[in-house]
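Everything below concerns the one structure shown next.
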Amino acid sequence: MFAAHLPPLAASVFSLLAITSLLLAFVMLGSRWLNIYLAAFAAQSWLIAILSAAVAHYGGYPELYAIAALTAVFRGVLLPYLLLRITRRLKVNRELHERLAPSSSMVLGGALVVFAFVVAHHVSDVLGLGGTVVVLALTAMLSMKLIGFLMLIVRSEAVSQILALLVIENGIFLGSQILVPGMPLLIELVILFDLLVVVACTGVLVRYLTVHAGTSSTRKLTRLVG
Amino acid sequence: MSAAALVAVILLAPLAAALGCQLVRASRVAEHLNLFASVLVFGAVLWLLPVALAGPYVLLRGYIIVDPLGAWVLLSTAVVYLLASMYAIGYMRAAGPARRRHRFYALFAGFAFTILLGPLMNNIGVFWIAIELTTLVSTFLVGFDKTPEGVEAAWKYIIIVSAGLSLALLGIIFFYWAGSLTLGPTYNLTWETLRVAAPHLNAPLALVAFLLVFIGFGTKVGLAPMHTWLPDAHSEGPAPVSAMLSGALLNAAMIGIVRFIGIIERADLGALPGTIIVAIGTLSLAIAALFITRQRDIKRLMAYSSIEHMGIITLGFGFGGPLGVAGALYQMLNHSLNKSLMFFGAGDAMHAFHSKRIGRMQHVLVAMPIAGALWLAGAIAITGAPPFGLFLSEFTILRAGLAGPNAWAVYVMLALLIVIFIGFLNHFRIMYFGHSSATAATVRWQPAPGERLWCVLPMWLAIVPLLVLGLWWPQACSHYFAVIAAQLASATR
């Protein structure tokens, strides 16, 4: 497979991009401010766009250049802009009552990365791909997934939950660029479009939440139980 | 008509209705437009059933597949769409002002379109998108009334299900990766290519991928422990929407799991996947049993009953074999018919008593004699009592389980079914025959004449086939199920 036989420079570039994306997930985990989440998410999306371009260059998949451009436009500009508009309208700029302090959630996030590494290490060993960039790609993919779920659990602002979903998607996208660069173009296009629709729908719902339920904090959504 | 023309009708009729409803902005026109589309879809699906039996057809450059399994799920979807479209006319007229009603029908037809899309998709990635689309459309139907509870349910629905489906996406990418190690870096990710490649997939990777997909689509199906969105969404939407969510949407997500089971059974993984499927099915049944016995809200009661039935269907497919598959597929259709009936009855009762609380509903038979009697018959049917269809299908699944390696689950399932039978019917005993104050007995359900027909007719149309299917298992169905089971198990179609 492609990622197993990379020139050293390409492997380093991929590793750098994957690790930096993972670090940005920790930036989100360690902050209370929605603006920082947004900036970190946008930066992460740009890194993934660069990664797509790098895969296109080194792997010889010219169609990935298009994906890189679309990723930058959709995930790097359009989605953060839409989310910024939502936060502006909400007049909420920070997490008020997180269930877990940022410091503790970062420690927990570190533990999740270790878990993700163990799984990734095992899977790539089974496939005979140990010691390649595959391990790192899998680790980043699974960690961002788990960190996204952690954010869904400990953050209660509606916008933070949307961002948590987007981090999960970013993780999947990052991993898939390295693991399966040959995936048909259509799928990636449709998933990009799907993300936009998800954000639009949740944006409308956030407005309903504030108007009809009187809160943008999901912690206060406790009417339905049992 | 050819398969292509029928598929075009099935997909384009609800889409056209959705656009039409949004354009005309007149509630009376919109409700009939939607009803007309549902009749067209139902007719086309009936026609498609024998056509699909002749073998899987691949249309539109391999993006659409018409096979018996998909056609069967389309049938249960089309039945619910037809019944719910009829019922919606009566329910929505009684529910409130006509101002936003055309939007309801536009969303409703759009929702039907997305559900009908899923079983027809041949490309696994596009199938995932179709399932994701159902969430995005139906969220707005769940929150249509814009009550605080409705909006809360809609939010929980979209967040939990999107998070769950992201697991499924990861699983699909892992499947693609596993396949790319044998098929080369670029190939078309269809159900058939994966089935053919399944014996050559790396076993641990395939297992991880399957578990992710199972939990992911299982979220959408409402399998425990990812079921938590389901009672909220089912209880807060308008009654016809609840019927669609329960009777149509859950099956459309289930077909993804079934097709992946067909793939994973051909991979060299032993009995482990089957045991996991059976365990999750049993857990869903157990969770449903606990919440059914202690339930106070009538629509949440129905929602937990959906979790129960999805657990039973999962058990059927988990037990596998021709008998298990046949039982599960029969259960799908029966559950669709029966759960629609139950939600229609619940909607009528909510209009009569102006409450969702079971405790507020007293002397239902006095308040609504005909609808109440039909609802009571449905309640007996949905707990799996003879002579209704669910008895036959559940019995078949039990028999399938006894023959397989997971016979322990059969005994757990039996015990839980008895608990559910007692718990569920006890609520109905109190509602129908319980003691209460004299004031409650004066409640009368008095819909306008134009509404009464639309509210009661679909209940008849659900209970009669249910009774027929309980007394007589058509030979044609057995043949159909045998073909589907053979295709799921066969090496090459």
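Note on naming: letters A, B, ... go to the chains in the order of the sequence lines (proteins, then strands), and numbering restarts at 1 for each one.
- Ranked by heavy-atom pairs shorter than 4.5 Å toward chain B, the options A:Val119, A:Thr218, A:Ile172, A:Leu138 are led by A:Ile172.
- With contacts defined as side-chain heavy-atom distances shorter than 4.5 Å, the pair B:Pro185/A:Tyr61 qualifies.
- The one candidate from A:Val198, A:Leu195, A:Val197 that meets the side chain to side chain contact (heavy atoms under 4.5 Å, CB included) condition with B:Glu132 is A:Val198.
- Using a 4.5 Å cut-off between heavy atoms, B:Ile124 makes no contact with chain A at all.
- For A:Leu142, the part lying under 4.5 angstrom from a heavy atom of chain B is the side chain only.
- With a 4.5 Å cut-off on non-hydrogen atoms, B:Ser162 touches chain A through its backbone and its side chain both.
- Using a 4.0 Å cut-off between charged side-chain N and carboxylate O, B:Glu152 and A:Lys220 make no salt bridge.
- In this structure, the portion of A:Leu152 lying under 4.5 Å from any heavy atom of chain B is its side chain and not its backbone.
- Residue contact with chain B, scored on non-hydrogen atoms closer than 4.5 Å, involves the side chain of A:Ile168 exclusively.
- Tested against A:Leu90, the residues A:Leu209, A:Leu34, A:Val206 include a single side chain to side chain contact (heavy atoms under 4.5 Å, CB included) partner, A:Val206.
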| Could you walk me through whether B:Ile158 and B:Leu136 pass the side chain to side chain contact (heavy atoms under 4.5 Å, CB included) check? | CA-CA 7 Å; B:Ile158 197 169; B:Leu136 299 176; 3.8 Å; yes
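- Contact count against chain A (heavy-atom pairs under 4.5 Å) is highest for B:Ser166 among B:Ser235, B:Gly184, B:Gly150, B:Ser166.
- By number of non-hydrogen pairs under 4.5 angstrom with chain A, the leading residue of B:Leu169, B:Thr139, B:Asn188 is B:Leu169.
- Note on A:Gly59, A:Ala164, A:Pro181, A:Ala158: by heavy-atom pairs under 4.5 Å with chain B, the leading option is A:Ala158.
- In this structure the side chain of B:Met302 reaches within 4.5 angstrom of the side chain of B:Phe424, judged on heavy atoms.
- The number of heavy-atom neighbours closer than 6.0 Å to CZ of A:Arg85, taken from other residues, nucleotides and ligands shown, is 12 or below.
- In terms of modelled atom types and a separation under 3.5 Å, the side chain of B:Thr186 and the main chain of A:Gly182 share a donor-acceptor contact.
- No close placement of the B:Phe127 and B:Phe260 rings is indicated, their centers lying 6.0 Å or farther apart.
- For chain A, the nearby parts of B:Ile159 are the backbone and the side chain; heavy atoms of each come within less than 4.5 Å.
- Comparing B:Leu181, B:Asp297, B:Leu170 by heavy-atom pairs within less than 4.5 Å of chain A, the highest count is held by B:Leu170.
- With chain B as the partner, the residue from A:Leu165, A:Val204, A:Thr215 showing the most heavy-atom pairs under 4.5 Å is A:Leu165.
- Contact annotation for A:Leu185: neither backbone nor side-chain heavy atoms come within less than 4.5 Å of a heavy atom of chain B.
- Using a 4.5 Å cut-off between heavy atoms, B:Tyr157 does not touch chain A at all.
- Below 30°, between 30° and 60°, or above 60°: for A:Tyr208 and A:His212 the angle between ring planes is above 60°, a perpendicular geometry.
- Legend: residues meeting salt bridge (charged side-chain N to carboxylate O under 4.0 Å, His left out) with B:Arg296, ordered by chain and number and at least two apart, are absent.
- Heavy atoms of B:Asn123 lying under 4.5 Å from chain A belong exclusively to its side chain.
- Neither the backbone nor the side chain of A:Val211 comes within less than 4.5 Å of any heavy atom in chain B.
- Only the backbone of A:Thr222 comes within less than 4.5 Å of a heavy atom of chain B; no side-chain atom from C-beta onward does.
- In this structure, the ring of B:Tyr187 has its center less than 6.0 angstrom from the ring center of B:Tyr176.
- Proximity to chain B (any heavy atom under 4.5 Å) is shown, for A:Ala200, by neither the backbone nor the side chain.
- Residue A:Phe149 touches chain B through its side chain alone, counting heavy-atom pairs closer than 4.5 Å.
- In this structure, chain B has a heavy atom under 4.5 Å from the side chain of A:Val123, while its backbone stays farther away.
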